Amino acid sequence: MSATPPSVPPSIPAMSASVAKYLAEPKKLFIGGEWVDARAGGTLEVRNPANEELLARVAAGEAVDVDAAVAAARTAFESREWSQARPVDRERWLLKLADLLEANAQEFAELETLDNGKPLVFSAKVDLPSAVDFLRYAAGWATKIEGSTIDVSLPAFRKNEFVAYTRREPVGVVGAIIPWNFPLMMAVWKLGPALAAGCTVILKPAEDTPLTALRLAELSQQAGIPKGVINVVTGLGHVAGAALAAHPGVDKIAFTGSTAVGKLIGKAAVENMARVSLELGGKSPVIVLDDADPKSAAFGAANAIFFNSGQVCVAGSRLYVQTSKFDAVVEGVAAIAAKMRVGPGMDPLSQLGPLVSEKHLKRVSDYVRVGVRDGATLLAGGARQGDRGWYMRPTVLTGAKADARVVQEEIFGPVVVATPFDDVEEIAAIANATPYGLAASIWSNDLKRVNRLIPRIKAGTVWVNCHGLLDNALPFGGYKMSGFGREMGRSMMDLYTETKSVLMMV
Ligand code: NAD
């Protein structure tokens, strides 16, 4: 089933005057509370994926700039203003930052849409409110960091008495390296818990989407967060990112991105024994059992893969439907895909925006081509839409073999591969048969079968009758090649604190 794609509207609604003004200003590095050019003077182009036009130029930070940022973050970490700040002060700074972000939400949403391509309705209704709520949630943790008292035995010292307890202390200077799919949300997922714990941060945004991180740094100045607590170094991954990951002055690396880069970062961090958390890729299965309503399962499966044009680490990119419902569900997903309106994020009618870059569009298109070459059938989409802007039609493939690249590898685009299965007893093994283990969803109201399946699925999150929903209080992270460490919830504070044991002979 394929349909003639609607054409891209000829003109994109204009950006607001405040965003245009912001884009016209020079974009420098934010180091030690100052805006500075990259020492070597280089810049990087930032393009609008909706029309390929130049949006801004940002500084191309290099190793020498990372050195300066790490030095500033270290000075700030040791300074009285930060190291002796009370938890309640850190909470207030974060709450103030959240308030400023909320007050400027419309401008941030527009900036995110222009930079990343995602529909403005999602930037405004998902990314911004989530980022604001998350900062508030993280702020609350500043005053809830606690150790424990422990009744120790020390049998060789029976004549003595002891007091023992643990303290949680900030890990120190944090290097945070983030991807382009949810640029602002990924920035606050790192900054929130790091600052709540009392750490200082050097943030390296993705080269394709650096704009909201830079604007957030401006707000941090307005919020009065002490100089050097937040530093932003824009630049290329293999230059600025690699320098940050390998820097001996960094105590912890927090990374979200691809598994390939995550491995490089992990190795670099271990050289310095820097603490490291890695939120990496996924190939998440959507599993529909035969008692599920095909219409709502199709709707859920389409949302699971097409939200944010599939550029979501937990995207439901493998759809497994029990045989008796396979045709109904998959035809439903293909029909939704064929009708979806793909267009500029600034157009309120767009349901899918463009992919983030020309390079990424090529990567996603190549995967579809290879999938078809290797025997898969195209039920919807499969090609670029138009020739200006990096638009990809939502795509449904069937008939791919279990070891095909489109089944095994993360495509990170609006491409789902659907496969039938017969026996529920087999589906956990099928679902687990990729290197990844970030998330999965099960669609069924049969509690017995659902509850038997959940423990067998090797994934950091399992949703039932929904997909992709995150909550600040719920830990999030991956099994297997999807990384290690859990962001969100109480566990995120473990990533940014060390445990100190204290034993006193009294
Ligand atoms: P990427 O790994 O290419 O880049 C991520 C970041 O790493 C960018 O800032 C980039 O500049 C930097 N980088 C690149 N090479 C580097 C190097 N050699 N050393 C240090 N830093 C380097 O990933 P991407 O294409 O930007 O993002 C997509 C990936 O992110 C997908 O695989 C997706 O699944 C993953 N992701 C995971 C989560 C999660 O929470 N698990 C969330 C969002 C995205």
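Here the structure is a predicted model, which is why all the values come from computation and not from measurement. In listed order, ligands and their atoms are each counted from 1. Position 1 is the first residue of the sequence; numbering continues from there.
- Within the structure, salt bridge (Lys or Arg N to Asp or Glu O under 4.0 Å) pairs that include any residue of residues 352-367 comprise Lys362-Asp366, Asp366-Arg369 (at least two apart or interchain).
- Taking the six-membered ring for Trp, Tyr479 and Phe484 have ring centres at least 6.0 Å apart.
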Can you list, pair by pair, the side-chain donor-acceptor contacts under 3.5 Å of residues 212-219, counting residues two or more places apart and other chains?
residue	atom	partner	partner atom	Å
Thr212	OG1	Glu112	OE1	2.8
Arg215	NE	Glu107	OE2	2.6
Arg215	NH1	Glu218	OE1	2.7
Arg215	NH2	Glu107	OE1	3.4

Less than 3.5 Å apart, N/O on ligand 1 and N/O on the protein: could you list those pairs with the distances?
residue	atom	partner	partner atom	Å
ligand 1	2 (O)	Ser258	N	2.8
ligand 1	2 (O)	Ser258	OG	2.6
ligand 1	9 (O)	Ile178	O	2.7
ligand 1	9 (O)	Lys204	NZ	3.2
ligand 1	11 (O)	Lys204	NZ	2.7
ligand 1	11 (O)	Glu207	OE1	2.5
ligand 1	11 (O)	Gly237	N	3.4
ligand 1	19 (N)	Gly237	O	3.4
ligand 1	19 (N)	Ala242	N	3.4
ligand 1	21 (N)	Gly237	O	3.4
ligand 1	23 (O)	Ser258	N	3.4
ligand 1	25 (O)	Trp180	NE1	3.0
ligand 1	26 (O)	Trp180	NE1	3.0
ligand 1	30 (O)	Gly257	O	3.3
ligand 1	32 (O)	Glu410	OE1	2.5
ligand 1	34 (O)	Glu410	OE1	3.3
ligand 1	34 (O)	Glu410	OE2	2.6
ligand 1	41 (N)	Leu280	N	3.3
ligand 1	41 (N)	Leu280	O	2.7

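- Aromatic rings from Tyr496 and Trp141 are positioned such that their centres are separated by 6.0 Å or more.
- A distance below 6.0 Å separates the ring centres of His360 and Trp180.
- In this structure, the side-chain contact (heavy atoms from CB on, under 4.5 Å) partners of Thr461, at least two apart in sequence or on a different chain, are Ala439, Trp463, Phe476.
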